[in-house]
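Comments concern the structure below.
What you see is a predicted model; the values in this text were computed from it and never measured.
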Amino acid sequence: MLKPSELTFQPAWWMRNRHLQTILPRLFRPTLKADVRYEHLETPDDDFLELAWANKGNQQAPLVVVLHGLEGNINSFYAKGLLQALTTAGLDAVLMHFRNCSRQVNRQPRAYHSGETSDLAFLLQTLKQRFVDRPLYAVGFSLGGNVLAKYLGEQGHDSQLDGAAVISAPYHLSSSCQVIRKSCFKLYQKYLLDRMKRSFSRKFDQIEGALQIGRDEIQQIRDLWQFDERITAPLHGFKGAEDYYAKASAQPYLKQIATPTLLIHAADDPMLSTRAIPTQTQISDQVTLAVSPQGGHVGFIAGRNPFKPVFWLEQIVPAYLHSLLNHRV
């Protein structure tokens with residue numbers, strides 16, 4: 001297993017500000033491409049999950065499932081960066097696009113949300129059937145991290161995973177929503193809302209009969225809580241935004257995790273509340289905490305040279321998974 005010193009993040013001297021750690025990594029590697037092949041996995045409810053496979057064709061190599069964040073996809077900087085890092089480290093990887101984050105619009109009205117774990121469960125079951133003896137791991141970023149952590153707690157010893165890593169997850173959704181609504185002059189809220197409104201507008205024909213809201217009304221929403229109150233919650237069977245936040249938050253499930261899991265979090269995360277920072281009293285003995293004072297939201301940029309940033313997550317996640325592999329052997 002990794003030593004505590006190896007799990008300590010030291011930010012770059014030129015990127016100690018939490019907003020810079022959160023925003024600038026998206027600009028560092030504009031030409032980085034993910035070398036992937038796509039698969040449409042049909043789901044039991046007559047829909048599909050788009051998978052992006054990054055592998056070398058070796059079906060004996062350990063396989064890592066990657067879950068992106070809110071309105072993310074294969075082109076998210078952290079996703080394509082980690083896929084490249086995993087394959088370089090001798091691991092195969094597959095990114096699962098949440099419904100309506102793929103290239104094609106999904107068929108069913110339902111989309112995805114922070115606590116929706118059935119698609120992940122279906123994917124993992126499918127992979128275990130395909131690769132019976134293959135070591136299987138998962139990594140989740142932000143919303144995808146909350147989904148993964150909640151799934152691990154729900155499943156306990158039946159997670160089908162040999163290990164996991166969760167990065168910058170909003171374990172306490174209600175308070176984190178309030179932070180996003182105000183943080184950085186509401187920049188994060190506008191960025192996320194614009195993407196969410198564009199995403200739901202392209203599948204308006206599917207959701208029109210399921211929601212009491214018009215196309216123009218979606219575009220007029222200016223508040224994240226209101227979006228969850230009017231769209232996310234009713235579309236997925238919740239009574240409202242707060243009911244959704246309470247039932248979808250992963251925090252109550254951390255004690256039930258029975259899979260070796262690394263939780264990476266920054267105390268200065270500008271998109272999450274202090275109530276979302278995991279503590280030792282909230283986790284099981286299978287969970288390793290790596291809470292750094294700095295790092296931003298899915299940032300964690302280190303290095304001395306501003307022209308050669310070091311993506312610490314792309315070092316520590318493969319290293320942690322390899323430590324589990326060595327322990328497994």
Side-chain angles (χ1 to χ4, degrees), residues 38-52 65-74 76 94-127 138 140-155 169-170 173-174 177 192-219 221 223-250 253:
Y38 292 97
E39 175 189 357
H40 271 202
L41 177 64
E42 292 293 317
T43 59
D45 64 339
D46 189 32
D47 211 334
F48 68 90
L49 299 174
E50 184 180 65
L51 308 178
V65 175
V66 179
L67 304 177
H68 60 77
L70 182 63
E71 291 304 305
N73 54 44
I74 187 61
S76 298
V94 57
L95 180 135
M96 184 189 88
H97 285 97
F98 290 114
R99 300 197 193 198
N100 212 37
C101 292
S102 49
R103 295 171 300 170
Q104 296 181 23
V105 179
N106 283 89
R107 305 171 195 141
Q108 299 297 333
R110 59 152 286 198
Y112 71 102
H113 60 75
S114 298
E116 206 297 300
T117 57
S118 65
D119 282 344
L120 174 59
F122 172 67
L123 172 61
L124 294 178
Q125 181 183 23
T126 300
L127 294 177
F141 292 90
S142 195
L143 176 145
N146 189 84
V147 170
L148 177 56
K150 182 171 177 283
Y151 166 83
L152 291 168
E154 290 172 343
Q155 298 297 320
L173 290 167
S174 180
C177 173
L192 292 173
L193 271 178
D194 285 349
R195 294 179 67 90
M196 292 164 70
K197 287 189 288 187
R198 185 163 57 249
S199 177
F200 274 86
S201 292
R202 72 172 188 160
K203 65 174 298 180
F204 184 77
D205 290 343
Q206 286 94 323
I207 67 174
E208 186 175 14
L211 294 176
Q212 300 300 315
I213 189 170
R215 191 186 297 269
D216 292 340
E217 291 178 279
I218 293 178
Q219 297 304 318
I221 293 176
D223 181 89
L224 182 60
W225 185 93
Q226 185 184 21
F227 189 96
D228 287 335
E229 175 77 7
R230 299 200 62 187
I231 297 178
T232 310
L235 188 60
H236 299 100
F238 298 101
K239 297 176 183 177
E242 293 303 327
D243 182 51
Y244 157 52
Y245 297 149
K247 292 177 178 176
S249 293
Y253 295 88

**Main-chain N/O of Ala250 paired with Asn146 side-chain donor or acceptor, under 3.5 Å** = yes

**Item:** Step-by-step side-chain contact (heavy atoms from CB on, under 4.5 Å) determination, Arg202 to Arg198
**Value:** CA-CA 6 Å; Arg202 72 172 188 160; Arg198 185 163 57 249; over 6 Å; no

**Complete:** For Gly144 and Leu67 the tightest heavy-atom approach is O-CD1, 3.5 Å

**Prompt:** Which word best sums up how the rings of His113 and His236 line up, parallel for under 30°, tilted for 30 to 60°, or perpendicular for over 60°?
**Reply:** perpendicular

**Request:** Go through the steps to decide whether His68 and Phe141 satisfy the test ring-ring contact (aromatic ring centres under 6.0 Å, His included), and finish with yes or no.
**Result:** CA-CA 5 Å; His68 60 77; Phe141 292 90; 9.6 Å; no

**Test side-chain hydrogen bond (donor to acceptor under 3.5 Å, both in side chains) applied to Asp47 and Arg110, His40, Arg99, the passing residue** = Arg99

**Message:** Could you report the tightest heavy-atom contact between Thr117 and Val147, atom names first, then the distance?
**Reply:** CG2-O, 3.6 Å

**Message:** How close do Glu229 and Pro234 get, counting heavy atoms only, and between which atoms?
**Reply:** O-CD, 3.3 Å

Kindly list each side-chain donor-acceptor pair under 3.5 angstrom involving residues 204-214, sequence neighbours excluded, with atom names and distances?
{"unit_1": "Gln206", "atom_1": "NE2", "unit_2": "Asn106", "atom_2": "O", "d": "2.8"}

**Request:** Kindly confirm or rule out a cation-pi arrangement of Arg103 over Tyr38, judged by NZ or CZ under 6.0 Å from the six-membered ring centre and within 45° of its axis?
**Result:** yes

**Request:** Ignoring hydrogens and angles, tell me if any N or O in the side chain of Glu50 forms a donor-acceptor pair with the backbone of Glu39 under 3.5 Å.
**Result:** no

**Message:** Let me confirm one number: the OH-CG distance from Tyr253 to Leu152, rounded to the nearest 0.5 Å.
**Reply:** 12.5 Å

**Prompt:** Judged by atom type as modelled, is there a donor-acceptor pair below 3.5 Å linking the side chain of Lys197 to the main-chain atoms of Gln219?
**Reply:** yes

**Prompt:** Hey, what do you get for CG (Leu120) to OH (Tyr112), rounding to the nearest 0.5 Å?
**Reply:** 15.0 Å

**Asked** Just how far is it from atom CG of Leu51 to atom CG of Leu95, taken to the nearest 0.5 Å?
**Response** 8.5 Å

**Prompt:** Which distance, rounded to the nearest 0.5 Å, do you find between the OG1 of Thr43 and the CD of Gln108?
**Reply:** 7.0 Å

